[in-house]
Every structure is written in structure tokens, then in C-alpha cells.
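The structure appears right after this line, and notes come after that.
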Amino acid sequence: METESEPYVRLASLRQLHQVMADMNTARSLADTLQTVAEGVVAALGYELACVNLVRPDGDLVVAAFAGNPAAEALITGRVGSRESWDRRLNMGEHWGDLVFIPHTEGWVLDDDDVPQWYTDGPAPRFEDEWHPADRLFAPMYAPAPKGSGTCGELIGVLSVDRPRNGRRPGAWGREALQMYAFQAAIAISNARLRANMQRALVRLEREQQALRASEESFRQAFEYAPSGMAIAEMGGDQHGRILRTNDALCRLLGRPASAMRRYSFSDLVHPEDIGTLLRTSAEGGRAELRLGRRDGTYVWVSLRNSVVADAADGPRFLLTHVEDIEERKRRELQLAHRASHDSLTGLPNSAELRSRLSARLCRRATPHAAAESHDTAYGHPAFDVVGPGFDYRQSAEPYDAYDHHVHTVAPDGDHDDGTKGLAVLFCDLDGFKSINDRFGHNAGDAVLIEVARRLSNGVRDGDTVARLGGDEFVILADGLGRADAQDLAVRLRNEIIQPIRAEGRAVRVGASFGIGWAHCGMTADEVLKSADERMYVEKRSRPKQHRRAG
């Protein structure tokens, strides 16, 4: 096309230009598109050199493709020119439509800027439209603008061309062809960028999906094969707390199949006494220790730890609950607590536990502060069980005053039975026990203490307390008794104790002295025990020595 006069462009040249445009729109990648654009200028528009300067995200332009001269290509490809220098070029010289032509007579001012270039000097033109080596021709490429806007889109790059093969500046047809080519090249580059972005997005999405699938598989395996129980429950809505999924460890722990677990929520499985603990447990990061019901009707102590997980960024949230079996630890804790509060030899409550239970039953009525303290102590002591049949001090109905909300302990008045029922404290001291220790040894003495503890425990009601105060001293707390009832109880227990006891292969006997004291609010535990102890010694001294121990 460069050897023909413009009015007589051959059809073959048009076909060649059409093919170049088709090639740059079907290139496989952005890099291929840019190179095809540069080569198309040389192949179809009749220029010896072509350069594609592409706008980078920071606004500067980089030489992204070059065609026509391998040496020049190696020299400037990848080099960057500032946007400021490019704007200066595009605003000077002659404007042929969208094209910018800077003749050699003006271009010398650009020789020292930072735009990569390959221009050389040469002789003055011999005729008016002869091309000079220092002439510059630029074809800006703009992104397609919205239809009907009447403006150019964003600048995406500049085509630089040099050395027309016919040695002349392009005429009207050549200028129109280069401008049209730049327009089509801008569309092809924009599409290539879009395809590249889409491909990167697809690759990124596929990687994210692969990572998500791997994460889901890791979670599934961690969930399914965790050595401790795991459950996923609904969070919020009408079905809040309903179990959606459980792992095998939780099913084994509770003895329930996974299909059955989906019919429950944790509130359905928790021990009735622990429902408050469950409801107080925070959904996010909440922890609780409570009992869950097994299929066989028994309960197991577990530790629950909650966390919230979301199905998607704005999707529904679920409650992930980790369930750890702490039955063995709880058993050991109970054993340690029992050892701390019970006598190691007889298994009875020890002196500290006796005082704790007795103090919990009493209150100080002298001041509102003392009454409040006693109230708190009683309600915070679940081990206290000194109650008579059918009576529970924790469910008392009538408050004494504004600071006291339990039924007060009272004592019978005088030495006669006036029908008053109170908390009897029987102080028991064994008679003749020291001689057994001295004659037969401590093993025999221990056997006697164990048997006496058994007989005392069997001789009282389920709600009463039998404690070993120390040595051969025992104390019985029996609520809801009158004076006659307490005296009858002492006689029955003494008659049980004086029966022969097998110790170290021989039968031995011990006697027992009982002192009956009465507890009432306003007294301390030590005061109550001291009163019963004193009455025991009165009773012991009142009996002849030979009658204190049977046989």
C-alpha cells in the first residue's frame, strides 16, 4: 500500500489491513495482542517501525511491544516514559484528527526528555512532504467511550510510528487508516485486558474454591474424627439450638445415633439442674461444665465450649460446640472434696463438715448484715442435709424480717416436752474405748470405731447427719425432733452401741454417753456443740462407772 498513490489503493491492501485487525482481536493473550498491534502497523500500514506504549496503573507509559527493528526493540522494550512527558508530546505539533505529528523542526526540544526513542538526525527534506528521520508521528489509543457521550475515553496507550516506506508523510488516506487502526487497536487491547482480568479472576476463584474445598475437607475430617465430641447447632430463629450435625465421638459418648441426635437441642439433653448453667453460657466463646443425658438414662459430666461460625460472609451463623468428657475429672474432684470433708477411717462427715452443716442451718438475728450473711451461706451450701422427713429449709415460706428468708431454728423450752420440734444435737462419747486400744491395739480400736459409725448411721433417718468429731466422739444432727423424740433416739443408739463388736478375732464391748443439746438461731456452731458436750459430761458423771459400759 505504501507504493501506491492513495486514490488507487488496491483491494489486496485493504484485505491485508482487515486481516491484521482480525488477528489483533483474536490474539490469545494481552502480550500477544500488543505485539500483533505493533506488527500490524508494519505489515499493513506501510511503516518500517512501530512501538506500542501502554499506560501503566501509575499513569506512566511503558514500551510494551515493538516491531520492525530487533536492535531497537532490544534497546527500548520495557523502558518507561513519564506521563508528564507524554502529555507534553501529545499537546504540541500538528494535530491530524486524533493523530499528533511533530516535525523535526519542533521535535528537537524532546531529545532530552525521559520518553524512550530511537530517532536519528538526517539531511533537510528535498521536497515538501518528504519524511525526515527526526519527524515523530503518534496515534493515541483511547478506551471506547459511552455511546453518545461525544468524548474520548480514557487514554490506554500511544502508537509511535516511523519511516514510511514511500519516504513521504502520510496523506489523507494514510492518516485516516492509522487513526482507524489506533481506534481498533484500543478496542482489541481493552478486550484483551478484560479477558486477562477475567482469566486471572477465574484462576483466583478456582484457587479460592480449591482452598475452600480443602478447608471444608479438613474441617470435615477434623470434625468427624475428633477424639472428643463435636456438634453444630442452629443459631437464632425459631430453631435456635437445634442440633444439625454431630460427630461419632459425641454419639458414642451419649450412646445415641446421629439420626436421633438431630431431633434434640442441648437443652433437651442437659440435666434439669444444669439448665440454668446452659442458658447462661455465652454463644461466642462460652464455656460450661454440666451433665448431658445418655440414652440409658444416666448422665455424664462434660465441658462445653462454644464458637460461632458463618456459612458465608453474610450467610447464616451456626454454633459449633466442642464437648469434652470430664466424668473422670469430676469423679476425682468429688473424691477430693469428700476426703476433705469426711473422716478417712469411718467415712463420716468430719469436724469441719459438721460445723459447716450446722452453721448453714443457723442464722445470726442480731443485725441485718449478719442475717444476710447467714442467708447467703445457707443457699450456697448444697451439701447441707440436716433436715427432717418432708422438710426443706431452702423452700421456707414465711420470712422472719426484711433480711432473713428462711425458717428459723428454735429449741424446746424448759426440760419438759412442750411439743416444739427443733434441731437436736446428740453428743456421743464412747465409754471404755481407751482400754480396748490399750489391751488389743489400735487396729482393734479402729475396728470398733468403724462398727460404731455403722450402727449410728443405721440408727438415724436418711435426712440426719452422723459425724465423727474426733477420737471416740461422735455427733448426731437430727432435725424436727421434740425432747422425748431426742431422748428415745439416744436410748436406741446407746442400745445399739453396747452390743458385742468383733475386733481382731474377739468380741469386745463399749458403752456410750449421750448429751442432748438444742440448736437455735442466734447461736454459733461451736456454742451448740459445747452445750451438747457439757450435757454429755453431766450424763456421764451421773451414771455409776460400772454402768457406763456393758459387759
*Are Ser160 and Asn53 close enough, and set up right, to give a side-chain hydrogen bond (donor to acceptor under 3.5 Å, both in side chains), and what steps lead you there?*
CA-CA 8 Å; Ser160 299; Asn53 301 275; 3.1 Å; yes
*Indicate yes or no: does Arg213 engage Glu217 in a salt bridge with an N to O separation below 4.0 Å.*
no
*Check the angle between the aromatic planes of Tyr47 and Trp131 and answer parallel, tilted or perpendicular using the 30° and 60° thresholds.*
perpendicular
_Cation-pi, Phe318 ring and Arg245 (6.0 angstrom, 45 degrees)_ = no
*Regarding Arg136 and the six-membered ring of Phe101, is the cationic atom NZ or CZ under 6.0 Å from the ring centre and inside 45° of its axis?*
no
_Let me confirm one number: the OG1-CD distance from Thr246 to Glu224, rounded to the nearest 0.5 Å._
8.0 Å
*asked:* By the definition side-chain contact (heavy atoms from CB on, under 4.5 Å), identify the one residue from Val158, Val52, Leu155 that meets it with Met141.
replied: Val52
*Which heavy-atom pair separates Thr33 from Ala27 by the least distance, and what is that distance?*
OG1-CB, 3.3 Å
*For residues Asn306 and Thr321, is any side-chain donor paired with an opposing acceptor at under 3.5 Å?*
yes
*Indicate whether the side chain of Ser359 and that of Ser356 have a donor and an acceptor atom separated by less than 3.5 Å.*
no
*asked:* If you compare all heavy atoms of Arg83 against all heavy atoms of Leu61, which two are closest, and at what distance to 0.1 Å?
replied: CD-CD1, 3.8 Å
*In terms of side-chain geometry, is the basic nitrogen of Arg126 or Glu130 positioned less than 4.0 Å from the acidic oxygen of its partner?*
yes
*Lys/Arg N to Asp/Glu carboxylate O, Asp58 vs Arg56, below 4.0 Å*: yes
*How about Asn69 and Glu73: does a side-chain donor come under 3.5 Å of a side-chain acceptor?*
no
*asked:* Between the side chains of Lys330 and Glu333, is the shortest nitrogen-to-carboxylate-oxygen separation below 4.0 Å, so that they form an ion pair?
replied: yes
*Compare all side-chain heavy atoms of Ile156 with those of Arg193 and state whether any distance is below 4.5 angstrom.*
yes
*Test: Asp129 and Arg169 ion pair at under 4.0 Å*: no
*Let me know which of Val270, Leu290, Thr281 forms a side-chain contact (heavy atoms from CB on, under 4.5 Å) with Leu304.*
Leu290
*Parallel, tilted or perpendicular: rings of His132 and His104 (30°, 60°)*: parallel
*asked:* Please report the interatomic distance OH(Tyr299) to CD(Glu273), rounded to the nearest 0.5 Å.
replied: 9.5 Å
_Side chain proximity check, Pro349 to Arg357, heavy atoms < 4.5 angstrom_ = yes
*asked:* I want to check a possible cation-pi pair here: Arg89 against Trp86, using under 6.0 Å from ring centre and within 45° of the ring axis as the test.
replied: yes
